[in-house]
Amino acid sequence: MSLENVEIETPENFDFLSVIHSHPWAWLEPFDWDEEKKELRRIERFQDGKVVKLLITQKGDKLIVKVDGNSEATEIRARVRWMFRMDDDLSEFYEVCSHNHKLAPAIGKGRILRSSTIFEDIVKTLCTTNLRWRQIVPMVARLVTQLGTPIARKPEYHAFPTPAQIAGVDEEFLRKKIKMGYRADYILEFARNVKDGKFDPNKLRFMGSEDAYKTLKSIKGVGAFSSAYILMLLGHYDYIPVDGYAKSFVSNEFYDGKEVDSKEIYEIFNSYGKWKALAFWFYEGR
DNA sequence: TTCCAGGGGTAGA
DNA sequence: TCTACCCATGGA
């Protein structure tokens, strides 16, 4: 095992801690956030099947990636850049924020952490619906440790399972061993479709938001909320993920506690145009 | 025991 | 397009 460092220069207005705290992904395996060291651990499986441990910290205007294992620096850079949204241009969003005191604190923020594959982000979103957070964390941990490839000499660390690894078990396994409940059926069907080439998550990268929304919603188990959530991870912000939390926030902030639905939420944030979901996500007090 | 969680599918209107 | 109803899990 070798231990090497890969350094990546951060773009202007890059806030490492804001990416970590943008949503709860950093607390879901195979991520793990060390609050004391301010270090993000990520177990990553590469094209050739090799699994390595990445330890990511910020030092000045660079991200330092300690790599435990042998892998290509180029590939590591590409994946870290993708996960940390380092190529996102948010200058237009910050311009919008500068005209609203409730959004001024969002300047420098707006990069929402994502997994290295869209497949993983979709599976994780399916896992998070209709459950309490303390149930989601162990469920995802079971999925990763029981199905993901371990690091050869450190079998306690596992990468996120591939579509083939999930597709290789039956629904009973996902229900009983991973304790996914009714989600087992959805996740299994999705993994099998990806494995068989019937659904290619990477095509979502090149779609406009409307097409991507329709495509995501066609996945069984992915509804309006999850589609909008995944769209944010893809970098499209014109659909707002409306859930119970969104309703209660908008109700208290804008409607004096009166019950609201999607329609009222969009009425508030429509003025932000293609940035509406990001404006909603980083609105002060949310 | 009962309730509920930062939902979604389906049937029926 | 909208609504009612059901779906499981496990902690409080």
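Naming: A, B, ... by sequence-line order, numbering from 1 per chain. Quick note: numbers below take in every heavy atom, side chains included, and nothing from hydrogens, waters or symmetry partners.
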Cationic N near anionic O, under 4.0 Å, A:E44 to A:R42: yes
Expressed in angstrom and rounded to an integer, what is the separation of A:W133 atom CH2 from C:dG10 atom P? 17 Å
Which of A:Y245, A:Y229, A:F282 passes ring pair (Phe, Tyr, Trp, His ring centres under 6.0 Å) with A:H23? It is A:Y229
Take atom CE of A:M232 and atom P of B:dG6, then tell me their distance rounded to the nearest Å. 16 Å
Min side-chain heavy-atom separation A:I20-A:L40 under 4.5 Å: yes
Let me know the distance between CG of A:L216 and C1' of B:dG8, rounded to the nearest Å. 14 Å
Without decimals, in angstroms, what is the distance between A:D261 CG and C:dT1 C1'? 13 Å
Do any N or O atoms of the protein come closer than 3.5 Å to N or O atoms of nucleotides 10-13 of chain B, and which pairs are they?
none

On a whole-Å scale, what distance lies between the C1' atoms belonging to B:dG9 and C:dG10? 23 Å
What I'd like to find out is whether the side chain of A:T125 reaches to under 4.5 Å of the side chain of A:V222, using heavy atoms alone. no
Can you measure A:Y229 atom OH to B:dG6 atom C1' for me and round it to whole angstrom units? 9 Å
Using a cut-off of strictly less than 4.0 Å, decide whether A:S226 has a side-chain nitrogen or oxygen near OP1 or OP2 of B:dG7. no
Report, one pair per line, the protein and nucleotides 5-9 of chain C atoms (nitrogen or oxygen only) whose separation is under 3.5 Å.
residue: C:dA8; atom: N1; partner: A:N130; partner atom: ND2; Å: 3.2
residue: C:dT9; atom: O2; partner: A:Q135; partner atom: NE2; Å: 2.8

Ion pair present between A:D185 and A:R175, side-chain N to carboxylate O less than 4.0 angstrom? no
Which residues within residues 236-250 of chain A lie with some heavy atom under 4.0 Å of an atom in DNA chain B? A:D243, A:G244, A:Y245
What ring pair (Phe, Tyr, Trp, His ring centres under 6.0 Å) pairs are there with at least one residue in residues 138-167 of chain A, not counting sequence neighbours? none
Between side-chain atoms of residues 48-64 of chain A and protein atoms elsewhere (two or more places apart, or another chain), which donor-acceptor pairs fall under 3.5 Å?
residue: A:D48; atom: OD1; partner: A:K50; partner atom: N; Å: 3.0

Report the distance from atom CD1 of A:I136 to atom C1' of B:dG7, rounded to the nearest whole Å. 11 Å
Reading DNA chain B from 5' onward, which residue's closest nucleotide shows up sooner: A:V222 or A:T128? A:T128
How would you list all residue pairs meeting ring pair (Phe, Tyr, Trp, His ring centres under 6.0 Å) that involve residues 162-209 of chain A, not counting sequence neighbours? A:F119-A:F190, A:F190-A:F199
Looking at A:D15 and A:K109, is any side-chain nitrogen of the basic one under 4.0 Å from a carboxylate oxygen of the acidic one? no
Looking for any heavy atom pair under 4.0 Å, which part of the strands does A:L126 touch: base, sugar-phosphate only, or nothing? nothing
In this structure, is the centre-to-centre distance between the rings of A:H21 and A:W27 below 6.0 Å? yes
Testing A:Y283, A:F249, A:Y239, A:Y237 for ring pair (Phe, Tyr, Trp, His ring centres under 6.0 Å) with A:F269, which one passes? A:Y283
Whole-Å P distance, B:dA11 and C:dA8: 16 Å
Spacing of A:I219 atom CD1 relative to B:dG7 atom P, expressed in whole Å: 18 Å
Rounded to the nearest Å, what distance is computed from the CZ atom of residue A:F190 to the P atom of nucleotide B:dG9? 13 Å
For B:dG6 and C:dC6, measure between their P atoms and round to the nearest Å. 23 Å
Taking 4.0 angstrom as the limit, do A:E171 and A:K176 come out as a salt bridge? no
